[in-house]
There are 2 protein chains.
Amino acid sequence: MAADGSGAGRPEKRRAIVRAAVTVFGREGFARASMDAIAAEAGVSKRTVYNHFADKESLFLTVALENTVALSEHLKDLAAEYLGDVTDLRQALIDFAVVRVGAIFSAEEHGALGRAIRAEVTKISADVLTAWLAAGPQASHQDLAGYFERIASRGLLAFDDVDTAVEHYTLLTFHPVADRSFWGALPISEEEIRRVAASGVDAFLRSYGGPDLH
Amino acid sequence: MAADGSGAGRPEKRRAIVRAAVTVFGREGFARASMDAIAAEAGVSKRTVYNHFADKESLFLTVALENTVALSEHLKDLAAEYLGDVTDLRQALIDFAVVRVGAIFSAEEHGALGRAIRAEVTKISADVLTAWLAAGPQASHQDLAGYFERIASRGLLAFDDVDTAVEHYTLLTFHPVADRSFWGALPISEEEIRRVAASGVDAFLRSYGGPDLH
DNA sequence: GTCTATACAGGGATAGAC
DNA sequence: GTCTATCCCTGTATAGAC
């Protein structure tokens with residue numbers, strides 16, 4: 001039997017299990033989450049869970065990877081919407097920062113799963129972690145880099161190294177929220193998110209604003 | 001009986017327990033760590049652990065708080081050494097960034113405990129978390145703010161809000177390392193730390209460099 | 001009187017059997 | 001889908017040792 005979550009059983013059961021696992025792992029973390037709770041949340045028997053996934057660990061890793069893939073695609077759409085055709089760069093960078101934080105830390109348990117991954121990072125194999133990074137944070141980074149290059153070619157940004165510029169943008173606009181909210185564990189007001197994004201973007205543009213910005 | 005870790009029993013036993021708890025909680029996280037393992041690591045019986053600390057949770061919180069207090073004091077010394085009497089601001093900010101990262105993520109398990117706290121943040125009471133933040137990150141932030149004010153008064157830095165400036169310095173020089181290494185879980189080369197610190201400080205100074213910087 | 005060593009009760013977990 | 005074997009953990013209890 002496969003038991004790797006790929007081909008066995010009814011797909012709608014599998015989806016229910018994955019959704020339930022996101023919820024429970026997100027709420028409890030890996031160690032506290034029980035397979036009983038996940039089965040109950042999914043409305044299936046525990047046997048069905050073990051039919052689709054070999055064990056707790058492989059369920060967790062599968063769920064984490066699928067979740068980060070879905071999030072990356074969502075972020076890609078948001079980047080296209082906010083950074084694809086920029087007129088007011090400052091406003092676009094602020095707005096994108098706000099919606100990005102919202103996408104990662106809102107109702108869906110992306111933030112909680114991110115926290116769970118980070119909590120378990122010493123127990124995760126290097127391969128799996130590399131795959132998770134590539135599908136998630138690095139994919140978003142690459143996507144942003146494309147937009148930054150295009151914006152720079154219009155003279156609105158100026159940098160030697162696009163990767164450093166992207167990283168600094170993320171550090172100044174995303175990480176303050178991630179840090180204060182402990183990766184989405186504690187609430188943070190919409191107003192504070194906007195304030196942080198604005199001050200981060202202003203600092204970013206003082207560093208990386210191009211000759212034709214104003 | 002007190003059993004809050006304050007007055008009972010021999011102090012050297014208590015110290016051994018706290019040291020062992022740092023090691024084991026740092027290595028395993030809260031949920032995986034067992035009181036048996038902590039007792040064994042400390043070289044005392046489990047009963048002695050329970051003689052000093054009411055339960056696993058209070059041991060963890062005590063250890064986390066004491067650890068962050070010690071780290072803050074160490075960082076305060078480093079700040080005084082590197083930022084107390086600045087001649088070359090860029091070099092001072094880079095050097096301090098490097099030693100700060102080293103202090104937090106080197107051999108001592110500060111980073112591991114920080115990760116454990118972040119993993120448990122949803123289960124920690126607001127009071128305890130507030131106390132931990134005040135004794136740790138916020139204390140270091142305040143300390144840095146004092147140095148930044150003094151440096152700004154010499155015209156080497158310029159900012160409207162010292163707290164934002166300090167936060168951006170930390171975001172640009174500390175968080176890249178914390179993020180890449182997953183708060184110290186994965187190794188990161190000295191060379192990369194220096195490179196990240198330099199590019200972070202350069203971006204910081206493009207934003208916050210004062211009129212008399214050059 | 002504090003510590004060690006060990007055993008044990010009670011609960012809960014994974015994983016698998018039926 | 002239920003039931004259970006097996007294991008591990010917390011926290012307590014019961015011995016005796018320095």
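Labels below follow one simple rule: chain letters A, B, ... track the order of the sequence lines, proteins then strands, and each chain is numbered from 1. Please read all numbers here as calculations on a predicted model, not as lab measurements.
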Rounded interatomic separation in angstrom, taking NZ from B/K56 and C1' from D/dC9: 8 Å
Protein-nucleotide distance (B/D55, atom CG; D/dT12, atom C1'), rounded to Å: 13 Å
Sugar-phosphate only, base, or nothing, as touched by A/A33 at under 4.0 Å among non-hydrogen atoms: sugar-phosphate
Centroid separation B/F174 to B/W183 less than 6.0 Å: yes
Pairing of B/D95 and B/R90 as salt bridge, 4.0 angstrom limit: no
Sugar-phosphate only, base, or nothing, as touched by B/S34 at under 4.0 Å among non-hydrogen atoms: sugar-phosphate
Side-chain N,O (B/N51) to OP1/OP2 (C/dC3) below 4.0 Å: yes
Under-4.0 Å salt bridge between A/R15 and A/E12: no
Separation of D/dC7 C1' from B/D36 CG (nearest whole Å): 14 Å
Heavy-atom donor-acceptor pair, B/K46 side-chain to D/dG11 base, under 3.5 Å: yes
First encountered from the 5' end of DNA chain C, between A/R32 and B/T48: B/T48
d(CD, B/E57; C1', D/dG11) in whole Å: 14 Å
Any donor-acceptor pair under 3.5 Å from A/T48 side chain to A/V44 backbone: no
Separation of D/dT10 P from B/F25 CZ (nearest whole Å): 8 Å
